[in-house]
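Below, read A as the first sequence line, B as the second, and so on, with proteins coming before strands; counting in each chain starts at 1.
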Amino acid sequence: MDPLAKQLSQYFGYDSFREGQRPIIEDVLKGEDVLGILPTGTGKSLTYQLPSLLQEGMTIVVSPLISLMIDQVKQLKAQGFKSVVAMNSFINYQERKRIMTNITQYKLLYISPEMLQNEWVLDQLTQIKVDLFVIDEAHCISQWGHEFRTDYLKLHVVLEQLRHPTVLALSATATPEVQDDILKKLKREGMKKRIYSMDKQNISFAVKELRSPEDKLVQITQLLQRTRVPAMIYFSSRQWAERAAVELQSKINQRVAFYHGGMEQTDRMLVQQQFMNDQLDVICCTSAFGMGVDKQNIRLVIHFHLPSQLESFIQEVGRAGRDGNPCVSLLLFSPKDHYLPQLLIEGELPDPNEISTILQKVDQYANNQGKLPDVEHILEELQLSESQWNFIHYQLEERGVFNGQSILQNADNTSLKTQLTKVVQQRWKYKQSKLTEMIHWIHSTTCRRTALYEPFQNHIRPPKVPCCDMCSFDIDQLDWQEGMSVIEEVSWQERLANVFAGGQKK
DNA sequence: TTGTTGATTATAAGGCCAATAGACTTTGCAGATAATC
């Protein structure tokens, strides 16, 4: 047994590596920067957890969600790793101070990109030796960084301040376009790419055109009356997610709940847990539900609304059938469906025609107090969404106008105005083209699978299930019992036994 | 001069048709502050 396999068995108790793990670990240990695209469920986290144990210095993991950090730390601690810790706003001030002053005790630190912008925290981290810098769910850089969470675009500065540790960027879905964007935004264009196929051989695809949203609900009701399997229904509106959940509850004999970002944290955790434990059959959710959801037996993913890009669709569909058993994706659309994603795009980017008004206002702030007022105040006064303002703020910070809350120079000049207008228009055009791609896909008359995965990889493996509605898969004819695991009622005795088993692998 | 006639114009009510405008709004962190136990 070679040393690496030995350490794998010693620390994690596995006999062998899964596809992709070993080459990435070897690269990382040699100090090479790697972009790793591994399908979900192939054990991405092991590719940095093992190196963190073998290296002398610290491993920092940038994670997009506090709940993900908590889960990971909990899981590692349960496995016996003591030197793991998470750093985010969930941790109170005293605790943060305690962690950071004893930072050398830890080998693995989970942290949010926002927290890495905290001067004091970063200063503490520069005092120690960081060997590996991991970006988990690295597509967030490209998907969220530009407008929604711009601190994702500032990671390259952090890397510089940490004196350039080895970088490992991990994701499950990234088109070549997104991959390049990640490398560019990290200023690591020479990074090695380790890309593994992400086409799922156990999904059958179907797209159906209906007259109205109401017809979609009827269609879903009929479908769920015929079958009872763990199912997710994706919506782009919280209101619709709730409405559909309520209607389905009254019409089908199944356990249905809704989930979205506007809910209380405790309710969200409860619903997610119930779904994971097979105590719910159907979940009506927005894109808030997904990351870190490791449920193996989801059989059906329905899209009630049109995602604004194929990447999101692939990510959402990819949550089905992690156990490898057959599963189905159904996308429903009606004639006016492009309107909603369009609205969402508009809500993310500032109007190019408003740029000069915004810059004028910034100069007013500069003259008044030399720094920016509360974000709420700005949003109210300029009638901008948070994302729109984040975008502007980041762009002006990049150009030396802002440094955090302070305004360093005048903003209202023609050069800045032209530059900003140009960037907005570029982003605008990009987002439009992604939406157009999605719309083309639903209207395409060729094989869905080929059209979907073609932009991502050269070779598409043949499916192990009926392929798609263009290749004579008919969702209405599907025998839902065959090959589909039906939810088993778990008795409280069994559940209790599972609790005592402490999540041990069967 | 008076009445009849057809042409023209103004006005209002109501029915019908075609074109057009408007409407469906996601994703999370951080850190200050107020309310509650």
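- Residues A:Gln219 and A:Lys216 have side chains that never bring a donor and an acceptor to within less than 3.5 angstrom of each other.
- Between A:Thr286 and B:dT26, a side-chain N or O to OP1/OP2 separation shorter than 4.0 Å is absent.
- In this structure, A:Trp240 does not pack face-to-face on the six-membered ring of B:dC24, missing the 5.5 Å centre cutoff or the 30° plane limit.
- Using a 4.0 Å heavy-atom criterion, one finds that A:Gly261 contacts the sugar-phosphate atoms exclusively.
- When heavy atoms are screened at a 4.0 angstrom cut-off, A:Met115 is found touching the sugar-phosphate backbone but no base atom.
- A:Ser308 comes within 4.0 angstrom of no nucleic acid atom, judged by non-hydrogen atoms across all strands.
- The aromatic rings of A:Phe235 and A:His305 sit perpendicular to each other, their planes meeting at more than 60°, with 30° as the lower class boundary.
- Backbone-only engagement by A:Asn88 is indicated by non-hydrogen atom pairs under 4.0 Å involving sugar-phosphate atoms exclusively.
- In this structure, A:Leu340 reaches the sugar-phosphate backbone alone: every heavy-atom distance under 4.0 Å involves primed, P, OP1 or OP2 atoms, never a base.
- Per the geometry, CE belonging to A:Met69 stands 8 Å off C1' belonging to B:dC29, to the nearest Å.
- In this pair, A:Phe258 and A:His260 present their aromatic rings parallel. The plane angle is below 30°, not in the 30 to 60° band.
- Phosphate contact (OP1/OP2 of B:dC24, side-chain N/O of A:Arg243, threshold under 4.0 Å): absent.
- One finds no side-chain N or O of A:Arg268 lying less than 4.0 angstrom from the OP1 or OP2 phosphate oxygen of B:dT27.
- Annotation: side-chain contact (heavy atoms from CB on, under 4.5 Å) contacts of A:Phe402 (sequence neighbours excluded): A:Val362, A:Leu372, A:Trp389, A:His393, A:Leu396, A:Glu397, A:Ile407.
- Of all nucleotides listed (B:dC29, B:dT27, B:dT25), B:dT27 comes nearest to the side chain of A:Glu348.
- A donor and an acceptor atom never sit less than 3.5 Å apart when one is taken from the side chain of A:Gln265 and the other from the base of B:dG28.
- Going from atom CD of A:Glu147 over to atom P of B:dC29 covers 18 Å, rounded to whole Å.
- A:Arg149 has no side-chain polar atom (N or O) that falls below the 4.0 Å cut-off from OP1 or OP2 of B:dA30.
- A salt bridge does not link A:Asp199 with A:Arg449: every distance from a Lys NZ or Arg NE/NH1/NH2 to an Asp or Glu carboxylate oxygen is 4.0 Å or more.
- Looking only at atom types and distance, the side chain of A:Thr173 has a donor-acceptor partner in the side chain of A:Gln315 under 3.5 Å away.
- OP1 or OP2 of B:dG31 lies within a sub-4.0 Å distance of a side-chain N or O belonging to A:Asn118.
- Contact check on A:Asp181 versus A:Lys185 returns a salt bridge, with a Lys/Arg side-chain nitrogen under 4.0 Å from an Asp/Glu carboxylate oxygen.
- With hydrogens and angles left out, the side-chain atoms of A:Arg98 and A:Gln94 include no donor and acceptor closer than 3.5 Å.
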ask   = Tell me, what's DNA chain B's dot-bracket, Watson-Crick or G-U with both distances under 3.5 Å, | for other-strand, [ ] crossing?
value = .....................................
All N/O contacts under 3.5 Å from nucleotides 33-37 of chain B to the protein, with atom names and distances to one decimal?
none

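- Within 4.0 Å of A:His260, counting heavy atoms only, lie sugar-phosphate atoms of the nucleic acid but no base atom.
- The interatomic distance linking A:Tyr93 (OH) with B:dA30 (C1') rounds to 14 Å, in whole Å.
- Using a cut-off of 4.0 Å between Lys/Arg side-chain N and Asp/Glu carboxylate O, A:Asp131 and A:Lys107 are scored as not salt-bridged.
- Checking B:dC24, B:dT27, B:dA30 against every side-chain atom of A:Ser387, the shortest atom distance belongs to B:dT27.
- Of the candidates B:dA30, B:dG31, B:dT27, the closest approach to any side-chain atom of A:Arg96 belongs to B:dG31.
- Going from atom CZ of A:Phe235 over to atom P of B:dT27 covers 13 Å, rounded to whole Å.
- For A:Glu209, the CD atom counts as densely surrounded, since its 6.0 Å shell holds more than 12 non-hydrogen atoms of other residues, nucleotides or ligands.
- Defined by atom type and a distance below 3.5 Å, a donor-acceptor pair is missing between the side-chain atoms of A:Glu348 and A:His146.
- Between A:Gln315 atom CD and B:dT27 atom P the separation is 15 Å, expressed in whole Å.
- A close approach under 4.0 Å does not occur between any side-chain nitrogen or oxygen of A:Ser385 and OP1 or OP2 of B:dT25.
- Under a 4.0 Å N-O distance rule, the pair A:Arg299/A:Asp281 does not qualify as a salt bridge.
- We find that NZ of A:Lys336 is positioned 13 Å from P of B:dA23, with the value rounded to whole Å.
- Regarding contacts with the backbone of B:dT25, a side-chain N or O of A:Gln239 is found under 4.0 angstrom from either OP1 or OP2.
- Here the side chain of A:Ala288 is nearest to one of B:dC29, B:dT25, B:dT27, namely B:dT27.
- The side chain of A:Ser112 contributes an N or O atom lying less than 4.0 Å from OP1 or OP2 of B:dA30.
- For the pair A:Leu344 CG and B:dT27 C1', the interatomic distance rounds to 10 Å; values are reported in whole Å.
- Residue contacts for A:Pro64: at a heavy-atom cut-off of 4.0 Å it reaches the sugar-phosphate backbone alone, with no base atom in range.
- The distance between atom CG of A:Asn390 and atom P of B:dT27, rounded to the nearest whole Å, is 16 Å.
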